[in-house]
Amino acid sequence: MRASRLLLPTLRDDPADAVAASHRLLVRAGYVRQVGSGLWSFMPLGFRSLQRVIGVIREEMDAIGCQELLMPVLLPEDLLRKTGRNTIPELFKLQDRKGSELVLAMTHEETIALHAAGEIRSYRDLPQTWYQFQTKERDEPRPQGGLLRTREFIMKDAYSLDRDQAGLQVSYDAQAGAYRRIFERVGLHVYEVDSDVGMMGGSEAMEYMAPSPAGEDRIALAADGSYAANVELAVSRASQPDFGPSAPISELETPGITTIEQLAEYVGRDPRLTMKSVIVVPEDERGGVVLALVRGDHRVHDLKLTRAIGAPFRPATPEEIRATFGAEPGSIGAVGVREGALRDVIVDPVLATGGYLSGANRTGWHLHNVEHGRDFSGRLVDIRHVEEGELSVETGSPLRIEPAIEVGNIFQLGTRYSDAMGATYLDEDGTEKSIWMGSYGIGPARTVAAIAEQSHDDHGLIWPPAVAPFDVWITPIGEAALAFADGLDRELSSAGLVVVVDDRELSPGVRFKDADLIGVPLRVTIGKRLASDGVITIKRRGVEGEADVAVEDAASAVLRSYGDAAAASA
RNA sequence: CGGGACGUGGCGCAGUCUGGUAGCGCACUCGGCUGGGGGCCGAGUGGUCGGAGGUUCAAAUCCUCUCGUCCCGACCA
């Protein structure tokens, strides 16, 4: 095709409001344009790449026997009332002209369960996996990073229906296999990590995390590859300080000391021998005050604590702390709290052994040698933020923490949704049983953005061939070159490549810059040397050097080079 | 929701403090030259300065309100 007929709205300057590399480059190269906060159009260039990613996903879903369908974005609110998910704050709500309450789908578990309830009768109908590419709407508190976090996006969502847990495990494993092939084929580096099941519920879940500095999530990875988990649930072996022999509690005056750092310095002890008291107020009907304890050098992970409490929370105010503990913030501890004053005490398991320096609940005083079980009690629940350099629980391999973009996830949902929707089947033994469900998502647009994050340089995007909008970009310089370029285009196109002949009346430099910015895998230059030496030049994007090839051999040389590029990205 | 920044031709910006003719670069149009890394010369098109109200002889500029966008945090199925 001719570039002069294409919409190629490349920009010379970076957009002023773009921070993430993918955001900056996808806008600059003309792939996407913003319509509103978290709302984006895929321009023709971007749509090509998006469709290629979708094509790969579709092939891999079909290959494991999934069936494609399409469900509506607009849903009756009643459908979500059955699972209680109609109260999620991110849900867009609206009314029709009759005043009926509708919502915009964030995901389709309820709808699938509705259809399973309607259509699945017998164990003979199972297993099934249904999937779609459909728009999802989420009223995000803060859209961000261009395509990385949007309010409207297309999601590939698949849902498996099985007789039992064992069947679900098989469907789940099949999806995991397909996901690995999908991300490999599109040239995206991902880690498969253990993940929080979140409000989805269910028993087991994994996320597919593309490492990138622009990522909003953090993943913990063992150096030996034996462990990978979202820090939301990652565990590790904490370093062990030398506790010395167990000793009775003793009081210590600590005037004006309110932080762990001050305390450790004042007493001249390892901060690992101190205990940190975090006081929070759950934001549910029950209210009350919760005391969470971690070692002095550790941090509480908010989501872990939220799970431990069973409700979101906020930090307690100084007034609430004084009223509950009878002391100023900074001198708070677990020992000697008034009976019934606390809703819950949550103790990080690291504190289960050893004696620690802790607040005395008496302003300006601390206690030595406080031991869990002897001096105070509390539920042992992991609430600690895993830190870089700590050791993997299983193999002792050191952990590093990397930012990453969540591009996909797989969940074992169990029977939560089928129970709510009455999705049952009649089993072989004549009894009615709940269908076991799994759900499996991939964000194709976020995948495109993640690839852009991982694969670019100062000149622009560098697409893996599988997702590039075009395979070959031909830059003819001069009239004779254009005729030759059109011929080469015909030959390569019939071989299955998508070819652009840049016939625009622009200087060669500008056209080279555009091809690089757009990130086309192969660039062919046809210039003076066509006539003088009978050669054209092939350049691979992102690879040093270029090759001159004889005109007679042009098409086969380009095809060979494309094959090399495709092989290199796999 | 808390904090911060920014809205001026399509894009990137200056002008705002100190009120007085809307300006620069790129892009775009026409003509010419050029042709292997954002090339050159000449002539042009295009903006109610986010919106509303106010102060003033006079507002992009000062005041009030409002809308929008981005960033940090909170949140995130």
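We name chains A, B, ... by the order of the sequence lines, and we start the count at 1 in each one.
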Go through the N and O atoms of the side chain of A:Ser507 and the base of B:G37, and report whether any donor-acceptor pair is under 3.5 Å.
-> no
Gap in Å between the two P atoms, one belonging to B:G4 and one to B:U64, rounded = 16 Å
Under-4.0 Å salt bridge between A:Glu387 and A:Arg299 | yes
Enclosure of A:Glu319 CD (heavy-atom neighbours >12, cutoff 6.0 Å) = yes
Between B:G38, B:A74, B:C76, spot the one nearest the side chain of A:Pro141, thanks.
-> B:A74
Does B:G31 have a Watson-Crick or wobble partner in any strand here, with both distances under 3.5 angstrom, and which is it?
-> B:C41
A:Val510 near the nucleic acid: base, sugar-phosphate alone, or nothing, with a heavy-atom cut-off under 4.0 Å?
-> base
Taking atom CZ of A:Arg314 as the centre, report whether more than 12 heavy atoms of other residues, nucleotides or ligands fall under 6.0 Å from it.
-> yes
Roughly how far apart, to the nearest Å, are B:C71 and B:C57 at atom P?
-> 44 Å
Side-chain N,O (A:Ser37) to OP1/OP2 (B:C70) below 4.0 Å | yes
Could you check which residues of residues 4-13 of chain A get a heavy atom under 4.0 Å from RNA chain B? Sort them by number, please.
-> A:Arg12, A:Asp13
To the nearest 0.5 Å, tell me how far A:Leu102 CG sits from A:Leu80 CG.
-> 11.5 Å
Nearest to side-chain heavy atoms of A:Asp17, which nucleotide of B:C70, B:G36, B:G37 = B:C70
Start at the 5' end of RNA chain B and walk down; is the nucleotide closest to A:Glu216 or to A:Asp548 reached first?
-> A:Asp548
Selection from B:G38, B:G36, B:C72 that lies nearest to any side-chain heavy atom of A:Asp514 = B:G38
For B:U55, give its Watson-Crick or G-U wobble partner with both distances under 3.5 Å, or none.
-> none
Looking only at atom C1', what distance separates B:A58 and B:G73, rounded to whole Å?
-> 44 Å
Strand partner of B:G23, provided both Watson-Crick or wobble distances fall under 3.5 Å | B:C13
Between B:C75, B:C70, B:G38, which nucleotide has the shortest distance from any of its atoms to the side chain of A:Asp302?
-> B:C75
Answer yes or no: does a side-chain N or O of A:Arg523 lie under 4.0 Å from OP1 or OP2 of B:G37?
-> no
Taking atom P in both B:U16 and B:G7, what distance in whole Å separates the two?
-> 12 Å
Look at the side chain of A:Asp516 against the base of B:G37 and say whether a donor-acceptor pair falls under 3.5 Å; ignore hydrogens and angles.
-> yes
Interatomic distance at C1', B:C17 relative to B:G31, whole Å = 45 Å
Mate of B:C76 across any strand shown (Watson-Crick or G-U wobble, both atom pairs under 3.5 Å) is none
Is there a side-chain polar atom (N or O) of A:Gln34 under 4.0 Å from OP1 or OP2 of B:G68?
-> no
Nearest to side-chain heavy atoms of A:Glu90, which nucleotide of B:G36, B:G38, B:C76 | B:C76
Under a 3.5 Å cut-off for both distances, is B:U18 Watson-Crick or wobble paired, and to whom?
-> none
Between A:Trp40 and A:His23, is a ring pair (Phe, Tyr, Trp, His ring centres under 6.0 Å) present by the stated rule, with each step listed?
-> CA-CA 11 Å; A:Trp40 291 83; A:His23 182 189; 5.3 Å; yes
Please state whether the base of B:G3 and the side chain of A:Arg142 form at least one donor-acceptor pair under 3.5 Å?
-> no
For B:G19 and B:U56, measure between their P atoms and round to the nearest Å.
-> 16 Å
Identify the two heavy atoms, one from A:Glu137 and one from A:Glu152, that lie closest to each other, and give their separation to 0.1 Å.
-> OE2-OE1, 2.5 Å
Under 3.5 Å on both distances, the Watson-Crick or G-U partner of B:G46 | none
Sticking with atom P, work out how far B:G50 lies from B:G15, rounded to a whole angstrom.
-> 15 Å
Return no unless some side-chain N or O of A:Lys528 is found under 4.0 Å from OP1 or OP2 of B:G36.
-> yes
Opposite nucleotide pairing with B:A5, Watson-Crick or G-U, both atom distances under 3.5 Å | B:U69
A:Glu402 versus A:Tyr191: any side-chain heavy-atom pair under 4.5 Å?
-> yes
Checking A:Arg138 against A:Phe92: charged group under 6.0 Å from the ring centre and within 45 degrees of the axis?
-> no
Just jot down the ring pair (Phe, Tyr, Trp, His ring centres under 6.0 Å) partners of A:His115, sequence neighbours excluded, or say none.
-> none
